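The figures that follow rest on heavy atoms only: side chains count, while hydrogens, waters and symmetry mates do not. Residue indices begin at 1 and follow the sequence shown. None of the values given here were measured: they were computed from a predicted structure.
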Amino acid sequence: MARLLFSVSKEEVRISGKLSARFWLYPFWLLVLAGLVSLGLWQLDRADLKKRWLAQQQDLELISPSEVEITQAMKGRHWIRVVLPVSWPPVEPLYLDNRTYQGQAGYELLLPVRLEDGSHIAANLGWLPIPGNRDVKPRLVRPEVGGLSAVLGSPVDTFTLAESGADKKWRLQQQSLRKMEARWQLELQPWVIWLTEPVVADVVARSPGTGQMPPERHIGYAFQWFSLAFALLILGGVLEWKIRRRQHHA
């Protein structure tokens with residue numbers, strides 16, 4: 001009898017331990033599952049946003065717009081296409097750090113342009129590779145063209161490295177209008193233009209939304225997160241089925 005009672009007690013402890021483990025394991029499992037699904041949905045949202053960006057870059061074009069016309073056109077939009085007659089103020093270029101193209105590290109080249117009404121706007125001329133040594137400033141042949149085909153919009157948030165020791169006078173870690181104004185000693189319109197056609201040799205012009213993370217890459221990442229969530233769901237279901245099966249046969 002004592003042996004039987006001991007055996008029953010031992011079995012109760014074993015079952016109790018499993019139930020206790022499941023009590024804390026399931027909330028953690030659900031939390032991870034929800035996190036993976038949320039990441040997948042966020043990537044799909046980013047893909048949809050960039051698709052809309054690219055669509056807006058094709059459906060409206062302004063030729064030689066004034067600042068007022070740009071402000072009116074940008075209401076409810078992220079981007080517009082523009083054709084701008086410009087001149088180039090005699091200031092030093094800035095280089096936006098940590099930008100990649102086809103897997104290669106590099107910069108994005110920033111210069112101000114002067115519009116016909118005398119105002120200035122920051123221009124992202126495109127991507128260029130790092131010249132071997134990050135401490136060496138790239139050599140640049142200044143553009144001489146008097147007109148630009150570009151996409152105009154608000155500054156885009158970029159991945160930012162630690163500011164300490166990274167920001168040289170010619171290099172930026174963030175596409176900040178405030179910092180560009182301070183470096184160039186110019187007042188800038190609250191927009192940035194991205195060139196759609198190159199104006200400097202060895203600089204690759206590219207529109208916003210087509211750089212490191214085009215819509216297709218966001219969709220690929222979403223598929224990965226959803227796949228992990230599905231695998232975790234299947235794993236949790238299999239483990240629960242095995243536990244219930246063992247309890248049924250116990």
Determine whether the aromatic ring centres of residues W225 and W42 are separated by less than 6.0 angstrom. no

Evaluate the side chain to side chain contact (heavy atoms under 4.5 Å, CB included) criterion for residues L110 and L125: first the C-alpha distance (whole Å), next the side-chain angles of each, then the deciding distance (0.1 Å), finally the verdict. CA-CA 6 Å; L110 303 171; L125 277 63; over 6 Å; no

Would V192 and L152 count as a side chain to side chain contact (heavy atoms under 4.5 Å, CB included) if you check the C-alpha gap in whole Å, the side-chain angles of each, and the deciding distance to 0.1 Å? CA-CA 6 Å; V192 173; L152 179 145; over 6 Å; no

Quick one: list whatever passes ring pair (Phe, Tyr, Trp, His ring centres under 6.0 Å) with F226, sequence neighbours left out. none

I'd like to know if the side chain of S176 reaches the main chain of K179, judged simply by a donor and an acceptor atom lying under 3.5 Å from each other, with no hydrogens or angles considered. yes

Name all residues meeting the side chain to side chain donor-acceptor pair (under 3.5 Å) criterion together with D135; count only those two or more places apart in sequence or in a different chain, and write none if there are none. none

Kindly indicate whether the side chain of V151, heavy atoms from C-beta on, has any atom under 4.5 Å from the side chain of I80. no

For the residue pair E187 and E181, establish whether any side-chain heavy-atom pair is separated by less than 4.5 Å. yes

P198: which residues meet the side-chain contact (heavy atoms from CB on, under 4.5 Å) condition with it, sequence neighbours left out? A205

Sequence neighbours left out, what passes side-chain contact (heavy atoms from CB on, under 4.5 Å) with E116? Give chain and number order. S64, P85

Shortest non-hydrogen contact from Q189 toward L177: O-CD1, 3.9 Å

Closest approach of W127 to G106 (non-hydrogen atoms, all atoms of both residues): NE1-CA, 3.5 Å

With sequence neighbours excluded, residues passing salt bridge (charged side-chain N to carboxylate O under 4.0 Å, His left out) with E92: K137

By side-chain contact (heavy atoms from CB on, under 4.5 Å), S87 pairs with (sequence neighbours left out) R114

Heavy-atom pair of closest approach, residues Y221 and Q43: CB-CD, 3.7 Å

Within a strict 4.5 Å, meaning less than it, do heavy atoms of the R81 and T196 side chains meet? no

Y95 and P138: which non-hydrogen atoms are nearest, and at how many Å? OH-O, 3.3 Å

